[in-house]
Amino acid sequence: MTAFLTAGIIRTALEVGLIYSLVALSLFMSYSILNICDLSTDGCYTLGSAVGAVLTIAGHPILGIFAAMLAGVCSGYVTAFLQTRLGVESILAGIIVNTGLYTVNLAVMGFSSNLSIFGTETIFSLFQGISGSAFWQDWSSLILLALVLLLIASALRLFLSTRLGLSIRATGDSPAMVRASSINPAFTITVGLCAANSLTALAGSLIGQYNKSSDINLGIGMVTIALASLVIGETIFGRKKMTMRILGVVIGSCLYRLVIAVALRLKAPTEAFKLVSALIVAFAIAAPRVKELLSFERKRRRAMRERRRERGEGHA
């Protein structure tokens with residue numbers, strides 16, 4: 001693998017994988033914890049990129065990160081409001097918000113389909129300027145993203161251990177039980193979706209500054225990518241300890257990007273990447289069931305061998 005993929009390709013795959021893992025953590029919050037299918041991810045990802053790009057062009061790249069997260073919170077609130085106050089199904093609420101965000105994102109970018117932030121300072125260039133060594137110039141982006149992921153993952157783990165976090169986890173398991181415990185599930189759903197969408201928007205703002213551009217179609221397919229990362233992580237690490245689940249999401253995202261890097265090295269057409277993503281998701285989801293079937297088949301064959309052996313001994 002190391003010989004097949006150069007250090008530069010592996011580094012780039014890890015950098016993008018760490019950014020995508022923020023979206024996977026967002027889906028972890030909404031899909032795995034709250035048991036809500038939030039389809040506003042694509043639009044929220046682009047929203048974060050657009051808001052971050054506009055403020056970066058204005059000379060405020062760090063402020064753009066926090067503004068993007070705030071925009072994500074607003075997106076999550078609207079999605080939660082449609083679900084909890086207006087009784088809209090979660091899937092439909094996500095579709096409605098995602099559709100509306102297309103126009104919002106265009107408006108944020110001045111009704112331009114793309115923005116270029118080349119020639120302006122980004123958080124990556126600011127962090128890279130700390131040292132002039134060759135090693136730092138090459139690896140500073142990966143180090144910065146690793147620090148961001150460590151901070152976000154630690155904060156998420158601590159948050160899910162608080163009283164409010166435990167209430168959010170309980171809401172996903174049984175809203176009726178939460179309601180019986182005098183906890184308002186509408187509030188916990190709103191907080192959970194706001195937190196999840198803030199992570200999606202954070203990823204969008206980071207990828208915008210990383211690529212030094214923002215495009216209106218940037219978020220297309222992000223749900224599939226995040227789902228692939230989430231399922232890969234849960235397949236490898238299981239669904240037991242929360243710390244391992246969060247770590248699994250991050251590692252799953254990096255593994256997904258490495259698979260895409262391999263596909264690029266094999267000169268697979270970019271048009272096939274969505275198919276690759278779908279196949280990865282299908283394989284990861286089916287893997288536990290396939291494992292169970294193989295285990296059952298091994299037990300069945302072992303039982304049949306023992307039965308034949310017992311019959312042979314009986315005849316003897």
Under 3.5 Å: donor-acceptor pair, side chain of Asn105, backbone of Leu101: yes
Atom pair CD1 (Ile123) and CD (Gln209), whose distance is rounded to the nearest 0.5 Å: 5.0 Å
Side-chain (Asp42) to main-chain (Val223) donor-acceptor, under 3.5 angstrom: yes
Reported OG-to-CG distance for the pair Ser198 and Leu193, which is rounded to 0.5 angstrom: 10.5 Å
Donor-acceptor contact present, side-chain Ser253 to main-chain Ser229, <3.5 Å: no
Backbone N/O of Asn184 and side chain of Arg179: donor-acceptor pair under 3.5 Å: no
Backbone of Glu121 reached by a side-chain donor or acceptor of Ser125 within 3.5 Å: no
Side chain Asp38, main chain Gly94, donor-acceptor under 3.5 Å: no
Donor-acceptor under 3.5 Å (Thr188 side chain, Pro185 main chain): yes
Minimal non-hydrogen separation, Pro61 against Leu126, with atom names: CG-CD1, 3.9 Å
Flag side-chain contact, heavy atom, 4.5 Å: Tyr31 against Ile36: no
Any side-chain heavy-atom pair of Phe124 and Leu144 under 4.5 Å: yes
Salt-bridge contact Glu306-Arg302 (side-chain N to carboxylate O under 4.0 Å): no
Connected via hydrophobic side-chain network under 4.5 Å: Leu142 and Leu247: yes
side-chain contact (heavy atoms from CB on, under 4.5 Å) assessment of Gln137 paired with Ser131: CA-CA 7 Å; Gln137 295 296 311; Ser131 174; 5.8 Å; no
Over 12 foreign heavy atoms within 6.0 Å of CD1, Ile62: no
Minimum heavy-atom distance between Ala67 and Leu55, given as atom pair plus value: CB-CD1, 3.2 Å
Minimal non-hydrogen separation, Ala93 against Val88, with atom names: N-CG1, 3.6 Å
Verdict with reasoning, Val249 to Glu234, per side-chain contact (heavy atoms from CB on, under 4.5 Å): CA-CA 7 Å; Val249 171; Glu234 291 187 344; 5.5 Å; no
Qualifying residue, where the test is side-chain hydrogen bond (donor to acceptor under 3.5 Å, both in side chains) with Ser26 and the options are Asn197, Thr200, Thr41: Thr200
Ser295 vs Glu292 side-chain heavy atoms within contact, under 4.5 Å: no
Non-hydrogen atoms of Ala153 and Ile246 that approach each other most closely: CB-CG2, 3.9 Å
Side-chain touch Ser140/Ile130, heavy atoms, less than 4.5 angstrom: no
Whether Tyr20 and Tyr45 hold their rings parallel, tilted or perpendicular, with breakpoints at 30° and 60°: perpendicular
Nearest-0.5 Å distance, CG of residue Asn211 to CD1 of residue Ile19: 7.5 Å
Heavy-atom check, side chain of Met29 versus side chain of Leu34, under 4.5 Å: no
Spacing of CG belonging to Leu22 relative to CE belonging to Met69, to within rounding of 0.5 Å: 8.5 Å
Shortest non-hydrogen contact between Ala13 and Arg257, atoms and distance: O-CB, 3.3 Å
Any side-chain heavy-atom pair of Ser213 and Leu115 under 4.5 Å: no
Leu18 to Ala146 - nearest heavy-atom pair and separation: CD1-N, 3.8 Å
4.5 Å side-chain heavy-atom contact, Ser21 and Leu149: yes
Hydrophobic cluster membership, Val23 vs Leu14, 4.5 Å side-chain cutoff: yes
Any donor-acceptor N/O pair, Trp136 side chain to Phe127 backbone, under 3.5 Å: yes
Point-to-point distance, once rounded to the nearest 0.5 Å, from CD1 of Ile152 to CG of Leu156: 8.5 Å
Ser112 side-chain N/O to Asn114 backbone N/O, donor-acceptor pair under 3.5 Å: yes
pair Leu47-Ser75: side-chain heavy atoms closer than 4.5 Å: yes
Joint cluster assignment, Ile117 & Ile65, ILVMFWY side-chain distance < 4.5 Å: no
Within 6.0 Å of CG in Leu293, more than 12 heavy atoms from elsewhere: yes
Leu82 vs Val97, side-chain contact (heavy atoms from CB on, under 4.5 Å): CA-CA, chis, key distance, verdict: CA-CA 9 Å; Leu82 291 174; Val97 173; 3.8 Å; yes
CA sep, side-chain torsions, deciding dist, call: Gln128, Ser141, side-chain hydrogen bond (donor to acceptor under 3.5 Å, both in side chains): CA-CA 7 Å; Gln128 189 181 49; Ser141 295; 5.6 Å; no
Step-by-step side-chain contact (heavy atoms from CB on, under 4.5 Å) determination, Ser30 to Leu27: CA-CA 5 Å; Ser30 60; Leu27 205 64; 3.9 Å; yes
Tyr77, OH: over 12 other non-hydrogen atoms inside 6.0 angstrom: no
Shared hydrophobic cluster, Leu86 / Val78 (ILVMFWY, side-chain heavy atoms < 4.5 Å): yes
Common cluster, Tyr210/Leu147, ILVMFWY with side-chain heavy-atom separation under 4.5 Å: yes
Worked verdict on Arg163 versus Ser167 for side-chain hydrogen bond (donor to acceptor under 3.5 Å, both in side chains): CA-CA 6 Å; Arg163 182 182 179 87; Ser167 300; 5.6 Å; no
Gap separating the OG1 atom of Thr84 from the CZ atom of Phe187, nearest 0.5 angstrom: 11.5 Å
Sidechain-backbone polar pair: Ser205 side chain, Leu202 backbone, donor-acceptor under 3.5 Å: yes
